[in-house]
Amino acid sequence: MDRLTSLPHAYKLARRDARPGGTVVELPNGASFGGEEVAICAGPCSVESGDQIHATAQAVAALGANVLRGGAFKPRTSPYAFQGLGAQALKMLREAADAHGMAVVTEVLDPRDVALVAEHADMLQIGARNMQNFSLLREAGESGKPVLLKRGMSATIDEWLMAAEYLLVAGNPNVVLCERGVRSFDNATRNLLDIAAVPVLHALTHLPVIVDPSHGTGVARLVGPMALAAMAAGADGLLVEVHPHPASAASDGQQSLTFEQFEALMEQAAIVARAVGRRMPAASLAT
Ligand code: PEP
Ligand code: MN
């Protein structure tokens, strides 16, 4: 830790001692990142239809998730893969979230779409593939919306914090970091989920840190155990892919949980949260 904390303080605004009490990022529905209560972001990889996103919002909200995720603009490795429903999906997300007392987080891929996404979402996600897209960071930083900044797939902690610094220096104090695994020599899992990043970051920065065990492992069966590990390590929240029928998902079905699997995860996460002095969000009473 000494080596890390003695790095030159190039991230002037993100560094821990710039806000020793820590940053708490709050969304309009009361979801909060960085306080005693953790934030639970859940939903499908991609928004596929109004029915799909409504059914998912209803199920995950009833189990205590307070932020609805779902891709409208998808960053796909292949240009021939499903690219997302775009603006139409933003409306579906908003309606589904509002019906169940949830906030919306969704990815923005292009600086030209920041205003459109900000119109519908409560939080802008900057994906792993765009962590160092500096024009996107500047635009998102000026959007006035909280930003969920995912770790680039080969990004060091230092590079990640510098990317966060771009958002902060643009005048946006509401930045949450999301560990989602890094490239590794081992292909037993999709990515290598760096749980140590959570306490490392908590020492280096005042920004909240959440963990995405879905992209972090790529395997539904591994999502629960790694979510619990993340909570135990002090994560300020989770981002989990959940789908009504993972086998027929348009993207990332193999790592998506069924509603039943998500229910089991939430029960266990509540036990771990209590053990480490944290609180799960209250389940939504909206129908
Ligand atoms: C996603 O959240 O669906 C996603 C594309 O994530 P990442 O940028 O971490 O790959
Ligand atoms: Mn995905």
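Order of appearance sets the numbers: ligands from 1, and atoms from 1 within every ligand.
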The N/O/S atom of Glu241 lying closest to the Mn ion (ligand 2) is OE2
In Asp252, the N/O/S atom nearest the Mn ion (ligand 2) carries the name OD2
Close residues (non-hydrogen atom under 4.0 angstrom from ligand 1) work out to Cys45, Arg69, Lys74, Pro75, Glu107, Gln125, Gly127, Ala128, Arg129, Lys150, Arg180, His215, Glu241
- Message: Just so I know, are the side chains of Phe33 and Leu27 near enough to count as touching, which here means a heavy-atom distance under 4.5 Å?
- Response: yes
field: pair Lys150-Met131: side-chain heavy atoms closer than 4.5 Å
entry: no
Is a donor on one side and an acceptor on the other found under 3.5 Å between the side chain of Gln125 and the backbone of Val105?
no
Heavy-atom donor-acceptor pair, Glu159 side chain to Ile157 backbone, under 3.5 Å:
no
From the list Gln88, Met92, Arg69, side-chain contact (heavy atoms from CB on, under 4.5 Å) partner of Val47 resolves to Met92
**Pair His243-Asp252, side-chain donor/acceptor within less than 3.5 Å** = no
Asp122 meets the side-chain hydrogen bond (donor to acceptor under 3.5 Å, both in side chains) criterion, sequence neighbours left out, with Arg94
